Amino acid sequence: MSENTPKENKRIVSGMRPTGPLHLGHYFGVLKNWVELQETHECLFFVADWHALTTEYADPKRIKGFVPELVKDWVAAGLDPEKCVLFQQSQVKEHVELHLLLSMLTPVSWLERCPTYKDQLTELAAKDLTTYGFLGYPVLMASDILLYKPAFVPVGQDQLPHLELTREIARRANHLYGNFFPEPQALLTPDAKLTGLDGRKMSKSYGNAIGLSEDPASMKKKVMSMLTCEKRARLTDPGDPKECNLFPYHELLTDPARLPEIVEGCTHATWGCGDCKKLLVESMTAFLEPIRDRRKAFDAKPDLVRELLEKGNAAARQRACRNLEAFRKKLNLNF
Ligand code: TRP
């Protein structure tokens, strides 16, 4: 798309928690979609650092350094600060004021019955999450979104209950003070086809992920040890790509013209899983190299992340101030 193509007059807002280095699962599940959207829509993407504190408040050291690393991963993956606004949530304090105002009108029962609330309380039982902030997390998320009055919010399935709450909060505010917030629609990210190296969901905590900044030797080692189709115990046993953990990677990363050859080699046992993996190493190298190169720009310029975020924070703040000012008027807080 050329630089001059006008973007659709539809704003998009989304955020990601800074919880560690991004991997291929994040790329194909979320980032690829964001990179495409920045060409067609006005996009604001932010590092949700306050959200990370809702669960890490007792030991914030754990998330130290993750904010700049996340921004590096984003830019390396193709988000272009000239095409979208990249910012840090905690540097745009208007989120907090809107959070306070929306918390006035949000019934506690809506928060208590949010399915992710109870799940997380049990799942993260090692942490004391019986806090006011953790209960109010969806109100903070509603503020992150409504502050910018977006048309769409790209999210994964797991965030849908929160987005539904955002819409309910918007409706309630509109009912009380007159129409103000458009109800944002979910842009559901298609389910990522990619599972981890062992066939389970790709996750850093399972140790089955390939990082966007993985070094070539470690990537190669991981690919060569991947689990393949169980049918191919011996080289002469034909396999089935549909049952193989490797094939979805080829579908995403290898030149589509080569896929028939892969299927043929597997189903007719004319090549081994090792050959298949070697080809995947090649494809993955071709995919990861430009990402690694873009990341290198940050090594050469230590202030780049800060500069980039300062610019994005200012751009977000400007939009946030305008909308918040208008909402304050609705509440007669300006006189
Ligand atoms: N709750 C999201 C998560 O944990 C992150 C997030 C915070 C978010 N605010 C948001 C996502 C606003 C979309 C829109 O992944």
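Both counts, for ligands and for their atoms, begin at 1 and track the order of listing. Everything quoted here is computed from the prediction, not taken from an experiment.
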S.K.: Residues around ligand 1, heavy atom under 4.0 Å from any ligand atom, sorted by chain and number. Can you pull those?
M.R.: Ser14, Gly15, Arg17, Phe46, Ala48, His51, Tyr137, Met141, Asp144, Ile145, Val153, Val155, Gln159
S.K.: Using a 3.5 Å cut-off and no angle test, enumerate the donor-acceptor pairs between side-chain atoms of residues 270-278 and protein atoms at least two apart in sequence or in another chain.
M.R.:
| residue | atom | partner | partner atom | Å |
| --- | --- | --- | --- | --- |
| Asp275 | OD2 | Gly272 | N | 2.9 |
| Lys277 | NZ | Met224 | O | 3.0 |
| Lys277 | NZ | Met226 | O | 2.8 |

S.K.: Can you give me every donor-acceptor pair (side chain of residues 319-326, partner residue at least two apart or in another chain, under 3.5 Å) with its distance?
M.R.:
| residue | atom | partner | partner atom | Å |
| --- | --- | --- | --- | --- |
| Arg319 | NE | Glu42 | OE2 | 2.7 |
| Arg319 | NH1 | Ala315 | O | 3.1 |
| Arg319 | NH2 | Glu42 | OE2 | 3.1 |
| Asn323 | ND2 | Leu147 | O | 2.8 |
| Glu325 | OE2 | Asn334 | ND2 | 2.9 |

S.K.: Determine the interplanar angle of the His51 and Tyr137 rings, folded into 0 to 90°, and report it as parallel if under 30°, tilted if 30 to 60°, perpendicular if over 60°.
M.R.: perpendicular
S.K.: Short question: side chain of Asn174, backbone of Phe181 - any donor-acceptor pair under 3.5 Å?
M.R.: yes
S.K.: Considering only residues two or more places apart or on different chains, which pairs with a residue in residues 52-76 satisfy ring pair (Phe, Tyr, Trp, His ring centres under 6.0 Å)?
M.R.: Trp34-Trp74
S.K.: Would you find more than 12 non-hydrogen atoms of other residues, nucleotides or ligands less than 6.0 Å from Arg171 atom CZ?
M.R.: yes
